[in-house]
Amino acid sequence: MYQKYTLASPPSRRRFHPQIPMRQMETGRGVSAIIGAINFQRISSMAEHVSVTQISKYVGQEVTLKGWVYNRTDKGKLSFLLVRDGTGFIQCVAFKGDLSPELFEQISHLPQESSVIITGSVREDKRAPGIPGGYEVGIKDLQVVQTAELDYPMSLKDHGVDFALDNRHLWIRMQSQWAILRVRATVMAATREWLDTNGFTAMDTPILTPAAAEGTTTLFETEYFDEGKAYLAQTGQLYNEANIFAFGKVYCFGPTFRAEKSKTRRHLTEFWMLEPEIAFCDLDGLMEVEEQMITHIVQRVLRDREPELKFLGRDLSKLENIKAPFPRISYDDAAKMLQDLYEKETDPEKKELLKFDWGIDFGAPHETAITQQFDKPVFVYGYPSAVKAFYMEPWPGRPEVCKSVDLLAPEGYGEICGGSERMSSHENLLARIHKEGLPEDAFKWYLDLRKYGSVPHSGFGMGTERVTAWMCGIEHVREAIAFPRTIKRVYP
RNA sequence: UCCUGACUAGCUCAAUCGGCAGAGCGAGCGGCUGUUAACCGCUAGGUUCUAGGUUCAAGUCCUAGGUCAGGAGCCA
């Protein structure tokens, strides 16, 4: 089952347009010309231009809003416009008695998505819908910049996934999608803010890379002049390991590409990954960094995006709780926990999904089962080396296990961060590269890092869309990025 | 790549055993001073994914193909 998208749209009527010369209206083919006309002339006698986010500061004052008609409801001598300006949604009310007959007629026939400049007085009114809502503007004047065409496709009520995504360029105007993408922006800003104020240097790592960094995943390939093939980066980590020996603590934050044919609600082929890397840092130190940073992100989203989260119906109490420290369990303990859960499960279908043997990686049902035992994100550390990347430091005294750690978000959101302490010995790394059958030449520079002042160091990757989806309580990561790229979609 | 399912009006969906193609929303026109996806009346809107087949008769049954979704695997 999949959640339907609820979208609002107004009744839309248009009988005449006073700002278009009659001569143009009368020509047969003139309709599209009329609709397409843009009027940006009459911007005089306007009050101060304010944004919807700031509207509470202007109660009792006359202001000007610039935005788009998101919805319209007519009620006799009243016309309610729900106007969005990019920063929020606010109700604007036209009362026939306050306006010229021509202007009221025009307002009460404005099509959805028409661009407008509105002047009016701000008042508090609990009935007024919007984000944040509770305020409305009594219209004194309204200028139509463009009367939108009548066939705006993102209509009211439910839309299927395919239709919504085909119209993603318009869908992002809708309240739910707008709210999600605002949260995303705040997640990203909070991430950078925490890192920048905690001694990290922002480094950009290459997007075009010579070969598979981890030697496992499928990569997007492209021609590279006379040098043969280049590949779109799946991680900046190896470069960041070089960067820390120059800058100590670094991070990269950019697009990442995975050509695997993953087809789930947690995967995109192009997503934005944050990757911090830290010198003189072991696995315990890494977990501290992760929990501090995640705590900061969650608390700042709560502070700055409460109206958006409330609109999305997010249970804020589930997020208010997210504060360091987070519980830490070993892979061994997680395996025991899964065994107990397996034995307790009575539903045969669910029982089958929980089946687990030491040595395998967690599947989605396993992650979900583990995180359901906690009301905070949980660290699972010490995975079997066989299921993790070649560069991870072996656990002292237990070579079959490595110093890796995944951070699993609650409520079934699963892995949001994956990291490890990196192998710091030249000898061990070289041996592992040989064992994996990786080309030693390609890793010469990476091996050099272990020769000239090697230190214990650690780092992790965080999936922006997964964190955003968790913050918003939405089902699928494709809504947590403006233009998602999935196995079946590169349009729009 | 594998498993499962869906495809009918612009959108979301109905259509009983194989028997006249339907509704809500959206669009157009009209009504209403507090609407929240308003409500009420009227109007327009269809190559039922494609190609074959069975049948007096196919949206419905059969075959092949297409598109999309959910899940698995892989990963952040």
Side-chain angles (χ1 to χ4, degrees), chain A residues 1-15 70-82 89 91 93-98 108-109 111-112 125-130 133 136 138 149-167 174-175 214 216-218 234-235 237 256-275 352-353 360-365 367 387-389 406-409 413-419 460-470 475-478 480 486-489:
Chain A
M1 71 115 229
Y2 191 79
Q3 175 197 337
K4 295 283 170 53
Y5 301 108
T6 299
L7 310 164
S9 98
S12 184
R13 306 169 195 178
R14 188 182 60 89
R15 212 165 50 166
Y70 180 68
N71 198 355
R72 200 192 73 240
T73 305
D74 297 317
K75 185 80 176 63
K77 291 175 182 151
L78 285 171
S79 190
F80 298 97
L81 305 182
L82 188 55
F89 293 71
Q91 175 160 280
V93 186
F95 175 50
K96 197 168 186 174
D98 291 344
S108 61
H109 288 84
Q112 179 184 14
D125 193 317
K126 281 181 199 147
R127 296 169 296 185
E136 65 180 23
E149 297 200 24
L150 295 170
D151 56 353
Y152 187 69
M154 296 305 285
S155 66
L156 191 70
K157 291 199 176 182
D158 302 336
H159 289 284
V161 180
D162 198 33
F163 179 85
L165 285 171
D166 276 343
N167 291 282
M174 298 305 170
Q175 289 178 112
E214 300 183 9
T216 51
T217 33
T218 324
Q234 58 165 347
T235 173
Q237 180 206 317
T256 303
F257 306 90
R258 301 280 162 93
E260 293 130 349
K261 295 190 171 179
S262 297
K263 196 173 172 317
T264 81
R265 68 185 69 186
R266 298 177 307 282
H267 288 90
L268 297 167
T269 50
E270 177 182 313
F271 67 99
W272 283 64
M273 184 159 66
L274 166 78
E275 293 181 282
E352 183 60 29
L353 287 171
I360 67 167
D361 204 354
F362 298 132
E367 283 186 358
V387 300
K388 290 291 179 185
D406 284 355
L407 182 61
L408 310 180
Y413 283 92
E415 184 180 351
I416 50 172
C417 298
F460 68 95
M462 180 191 85
T464 307
E465 291 77 16
R466 287 188 183 177
V467 172
T468 303
W470 167 45
E475 199 172 335
H476 204 300
V477 291
R478 67 184 159 216
T486 63
I487 177 173
K488 288 291 180 186
R489 181 168 293 280

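Scope of the values below: all heavy atoms of this structure, side chains included, with no hydrogens, waters or symmetry mates. In what follows, every chain begins at residue 1, and chains take the letters A, B, ... in the order their sequences are listed.
- At the heavy-atom level, A/Phe163 lies under 4.0 Å from the strands shown only through sugar-phosphate atoms.
- The aromatic ring of A/Phe271 sits over the base of B/A76, with ring centres less than 5.5 Å apart and planes inclined by under 30°.
- Residue A/Lys263 places no side-chain atom within donor-acceptor reach of the base of B/G73, judged by atom type and a 3.5 Å distance cut-off alone.
- Here the straight-line distance linking atom OH of A/Tyr70 with atom CD of A/Gln91 works out to 14.0 Å at 0.5 Å rounding.
- Distances shown here put every side-chain N or O of A/Ser262 at or beyond 4.0 Å from the OP1 or OP2 atom of B/C75.
- For B/U36, its base never sits under 3.5 Å from the side chain of A/Gln91 at any donor and acceptor pair.
- Taking side-chain N and O atoms only, A/Asn71 has a distance below 4.0 Å to OP1 or OP2 of B/A38.
- The shortest distance between the side-chain N/O atoms of A/Arg478 and the OP1/OP2 oxygens of B/G70 is below 4.0 Å.
- Residue A/Arg265 places at least one side-chain N or O closer than 4.0 Å to OP1 or OP2 of B/G71.
- At the phosphate of B/C25, neither OP1 nor OP2 sits under 4.0 Å from any side-chain N or O atom of A/His159.
- Distances shown here put every side-chain N or O of A/Lys75 at or beyond 4.0 Å from the OP1 or OP2 atom of B/A38.
- For a distance-only test at 3.5 Å, the side chain of A/Arg466 qualifies as a donor-acceptor partner of the base of B/C75.
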